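Predicted, not measured: the structure shown is a model, and the values here were computed from it.
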Amino acid sequence: MANASYLGLLLLFFRLVAVPWGAAGYEVASVTRSGTLLSARLELAGGTAAPSSLGPDVRSLLLTASLETDSWLHVRITDANHPRWEVPQDVIPRPTPEDVLLQLRGRSALPRTSRRVLSTAGSDIDFTIYASPFRFMVSRRSTGDVLFDTSSNLIFKDRYLELTSALPEGRASLYGLGEHTKRTFRLLHNETFTLWNSDIQAGNANVNLYGSHPFYMDVRLPPLGAGSGVDATHGVLLLNSNGMDVLYGGSYITYKIIGGVLDYYFFAGPSPLDVVDQYTQLIGRPVPMPYWSFGFHQCRFGYKNVADLEGVVDGYAKARIPLEVMWTDIDYMDKFKDFTLDPVNFPASRLRPFVDRLHRNGLKYVLILEPGISVNTTYGTFIRGMQHDIFLKRNGREYLGKVWPGEAYFLDFMNPRAAEFWAHEIALFRRTVPIDGLWLDMNEISNFITPTPLNALDDPPYRINNNGERRPINNKTVPASAMHHGGVSEYDAHNLFGLLQSRATHRALIADTGRRPFVLSRSTFVGSGRYAAHWTGDNLATWDDLRYSINTMLSFGLFGVPMVGADICGFGGEPTEELCSRWIQLGALYPFSRQHSAISKVPRELYLRESLARSARKALGLRYRLLPYIYTLMYEAHTSGAPIARPLLFSYPHDIETYDIDKQFLLGRGVLVSPVLEPGATAVDAYFPAGRWFSLYDYSLAVAAMGPGRRVMLPAPSDTVNVHVAGGNILPLQQSLLTTACARRSVFHLLVALADDGTANGDLFLDDGESPEMGERGSEFSLIKFSCSTGSNGVIRVRSRVVHNSYAPSRTLVIGKVVLMGLPSLAPQEKLAVYVNGTVVNGNPTRYLNRGGLGVAHVRGLSLVVGEEFELKVATSPLVYY
């Protein structure tokens, strides 16, 4: 009770200091409720304290609140009398406000009271609306913890909206709000996060970059004196595509938005994985990526001709470094025009045979496309675009910008005809060059010029902190006064362009190939993960950028975009050999692993220096061994939203030491990556949460952290990244070969890391890696669950359970070896006996080693069919079987 009183005093203090005197804000005029739905009419009460320069207040507002599921609450505030721009339903399908009002039609307004509560027994979220002055509060029903508590100073104008919520400073840890290059994964107090998609180099920290994701996750500690460990985790989304500043002060969060509506979603959690599950249920599950896309990718801006590409492919092959996908930047184009080929350096007569040769050898080819279409009356794509009338307009005619090809018009993907046109151009181009994926760049939209203002949309009354300098919103992009199909302004739809282009490209590739698309987009918005992967943009070859790449990768996991990575060795600048070597050690374990660099920079293909080649062979060798595990994580992401690369707090939310860890990360729930991020380092200061941790290289017990976690200085050889697996996990592995096609036909190994109680479990998902659906009803796939237990007599049982088995190769692929880590040490006279499905395995199938005080057993010579259930028993000999 004392803690509750203390919190109440804090919130009262917050309101006194946050709300200017005389700022009456709004009052609740009427409330209607039915079951899980509530609506309220708000009327202006004397005006707000906002400067008159921001425009007049909207006098009447409509609030709707709906517990749309047991897991999330939707709260929307808009103009009661006039329609306003909001993210279209076809972009993010969701229940409409009209659905709520329709169900409330005919209901009488409730009697006036100081507050109303919307709550149900099945939901852990309560919504409370206060009448005079108006404010609302979202709380956790099970604990009473206040998740979101607005001040009474709501500001709602035509082109300026402001809302503030109190936060319990010291208890709230926030993550998300992007896209920015952040110095830490956990959001720092007193920072402003600007959301306005811009072509700003990713090497610039703490400024708005290529995407907009107004979503954060809040990991809460319990109140003072209520014990240690996490209280619960929740998520908050403001679904709004207009430009905004989000100010996070530790004890408060303030949204300053230049248009649209206040459209909030609150996700109950209570675990971090629950939050991303609920969030991606709303915005769309991450799209499945083709199996080959988890191989290693090579690109460079500046490949001069097809011979250059051939030389790179040959260089990787001779160095015995895995290479899966060859990329080409805008160099391949004829004068930088989309869907064309340079007739001298990349003619179809040379490029097509090169691509055919890649395909015969199991490799893939990806090209870049950009949204600016060259204004050229002899250019087929331009001619057809004009015929379809699908370009962005300003002042009644096509807006003329300037990008790589010179003067250009920009496609309007809000026009359905634009998606049809784009699909036709892709299909037509693929008849010449059968590309396997597409790379979408410059789609913020980037513009080499800054348009002069035409009307008030180009110069809103509140200037967001664009590029950290409050630059005009037209800076190096298309003008906010440009108009899309249906009368939609660029002012409102600017942040949606990358998402809409990704959607059109994804659908075009499915229609033309019938296979699972691979689309990589620089610009993103809420829901982009349904269609595309992302890379962190134009980073720099610095140690800082190496470190920051982890924060961006983890943030995009929260945003529902799990296929993400940074340009290995940096796009701009010149990396040292040491930096590049350490970067491939980290980058080999990004979900999306690509080396890419800028034009005129020293080539940095990984075979060019022996130290890089040595690091690459070792790190990529580990990646390719882990491919079955990583691909299974893709299935988990597609079905539950769980990121592939995760912060430690996702698996250890009760360990508050993990809240600030952003120099390490997990692949899935239990593979810990601890890279070198500093020059000259020969050791890594790594944190290990409670439990056993085994090296993925020699299977030794590296750390046994009992109770709280431990920090350990790990040796960091120049060619090695530290990777450990947590006890309690079973990893499916395959052989490290030079392409994914070869690797996935090889024999499986099971790596069983026993927890302290002798248990472990893990999953394996298999399909053809290219069918559009992944694990959906009617698709062909296999899902196998592995478990391990240790009996009181010391007998270890490894079992498989086949959950689904319609993927034919799972009936021929076999597990040839099982490695058990964390066994009790054997006495010299003891041996291990092995039984498969009750039958003893004769000969000498096991090799036992003592590693770090515990035993490791390699059970070899097996032929366990992946798609058939089995039981493997391992015990000290002699064993009486029963």
Side-chain angles (χ1 to χ4, degrees), residues 53 55 85 158-160 194-201 204 207-212 241-245 257-260 330 336-338 369-376 382 385-386 389-415 418 440-501 522-523 525 537-538:
S53 60
W85 163 259
D158 182 34
R159 287 188 292 144
Y160 182 77
T194 301
L195 277 64
W196 182 255
N197 294 358
S198 301
D199 180 3
I200 298 172
Q201 193 174 62
N204 294 287
V207 297
N208 52 301
L209 298 177
Y210 315 107
S212 290
S241 64
N242 290 85
M244 68 181 76
D245 287 336
I257 314 144
I258 61 173
I330 58 176
F336 305 132
K337 301 191 297 289
D338 280 350
L369 289 176
E370 303 197 342
I373 303 300
S374 174
V375 176
N376 185 326
F382 172 76
M386 291 298 291
D389 188 25
I390 41 78
F391 293 115
L392 195 61
K393 292 181 171 58
R394 191 190 199 198
N395 206 21
R397 58 183 299 175
E398 285 78 10
Y399 168 70
L400 184 67
K402 186 175 183 181
V403 279
W404 288 105
E407 292 186 337
Y409 292 163
F410 298 94
L411 291 166
D412 174 13
F413 283 104
M414 297 203 76
N415 188 334
L440 308 178
D441 194 17
M442 308 279 285
N443 55 346
E444 292 75 32
I445 302 169
S446 178
N447 191 358
F448 290 173
I449 60 175
T450 296
T452 55
L454 175 68
N455 58 37
L457 292 177
D458 295 314
D459 188 21
Y462 174 75
R463 183 163 284 190
I464 60 174
N465 196 29
N466 191 18
N467 198 29
E469 301 171 342
R470 303 201 178 275
R471 291 183 182 179
I473 57 175
N474 283 357
N475 187 72
K476 296 298 177 71
T477 188
V478 297
S481 55
M483 299 303 293
H484 292 267
H485 177 77
V488 175
S489 70
E490 172 69 7
Y491 182 91
D492 289 326
H494 172 83
N495 287 339
L496 297 179
F497 188 90
L499 166 61
L500 296 176
Q501 188 189 27
R522 190 169 75 174
S523 184
F525 184 69
D538 295 345

Could you tell me whether a side-chain N or O of Thr194 sits under 3.5 Å from a main-chain N or O of Asp245, the two making a donor and an acceptor?
no
Should the pair Phe448 and Trp404 be assigned to parallel (<30°), tilted (30 to 60°) or perpendicular (>60°) ring geometry?
perpendicular
Can you measure from CZ (Arg470) to OH (Tyr462) and round to the nearest 0.5 angstrom?
4.5 Å
Nearest heavy-atom approach of Tyr491 to Leu457 is CD1-O, 3.1 Å
Determine the minimum heavy-atom distance between Gly468 and Val207, stating which atoms define it.
N-CG1, 3.9 Å
Once you round to the nearest 0.5 Å, how far does CZ of Phe382 lie from CG of Asp338?
13.5 Å
Glu398 side chain reached by Met386 side chain, heavy atoms, under 4.5 Å
yes
Residue pair Pro405 / Gly372: nearest heavy atoms and the distance that separates them:
CG-O, 4.3 Å
Shortest non-hydrogen contact from Arg471 toward Asn475
NH1-ND2, 3.5 Å
Without swapping roles, check the side chain of Ser481 against the backbone of Ala456 for a donor-acceptor pair under 3.5 Å.
no
Using the rule side chain to side chain contact (heavy atoms under 4.5 Å, CB included), only one of Asp199, Leu209, Leu440 pairs with Arg522; which is it?
Asp199
Under the rule for side-chain contact (heavy atoms from CB on, under 4.5 Å), what residues qualify as partners of Asn395, not counting sequence neighbours?
Leu454
Approximate separation, where rounding is to 0.5 Å, of Ser198 OG and Asn447 CG:
12.0 Å
Return yes if some donor-acceptor pair links the side-chain N/O of Asp492 with the main-chain N/O of Ser489 below 3.5 Å, else return no.
no
Minimum-distance pair of heavy atoms, taken over all atoms of Ala418 and Ile390:
N-CG2, 3.4 Å
Could you tell me whether a side-chain N or O of Arg394 sits under 3.5 Å from a main-chain N or O of Tyr399, the two making a donor and an acceptor?
no
Side-chain donor/acceptor pairs under 3.5 Å, residues 407-414, sequence neighbours excluded:
residue : atom : partner : partner atom : Å
Asp412  : OD1  : Met414  : N            : 3.0
Asp412  : OD1  : His484  : ND1          : 2.7
Asp412  : OD2  : His485  : N            : 2.6

Atom NE2 of His494 and atom CD of Glu444: how far apart are they, to the nearest 0.5 Å?
7.5 Å
Using modelled atom types only, decide if a donor and an acceptor are shared between the side chain of Thr477 and the backbone of Ile445 within a distance under 3.5 Å.
yes
Can you tell me if Asn467 uses its side chain to pair, donor with acceptor, with the backbone of Glu469 under 3.5 Å?
no
Side-chain (Asn443) to main-chain (Glu370) donor-acceptor, under 3.5 angstrom
no
Separation between CD1 (Ile258) and CG (Asn242), nearest 0.5 Å, reads 6.0 Å
Criterion side chain to side chain contact (heavy atoms under 4.5 Å, CB included) on Glu490 and Asn474, from CA distance to verdict
CA-CA 10 Å; Glu490 172 69 7; Asn474 283 357; over 6 Å; no
Applying the side chain to side chain contact (heavy atoms under 4.5 Å, CB included) criterion to Asn208, which one of Asn465, Ile464, Ile200, Asn197 satisfies it?
Ile200
Criterion side chain to side chain contact (heavy atoms under 4.5 Å, CB included) on Val403 and Phe336, from CA distance to verdict:
CA-CA 9 Å; Val403 279; Phe336 305 132; over 6 Å; no
Donor-acceptor pair, Ser523 side chain versus Tyr210 backbone, under 3.5 Å?
yes
Please check if the side chain of Asn466 supplies one atom and the backbone of Pro472 the other of a donor-acceptor pair under 3.5 Å.
yes
Heavy-atom pair with the smallest gap, counting every atom of Val488 and Trp85:
CG1-CZ3, 3.5 Å
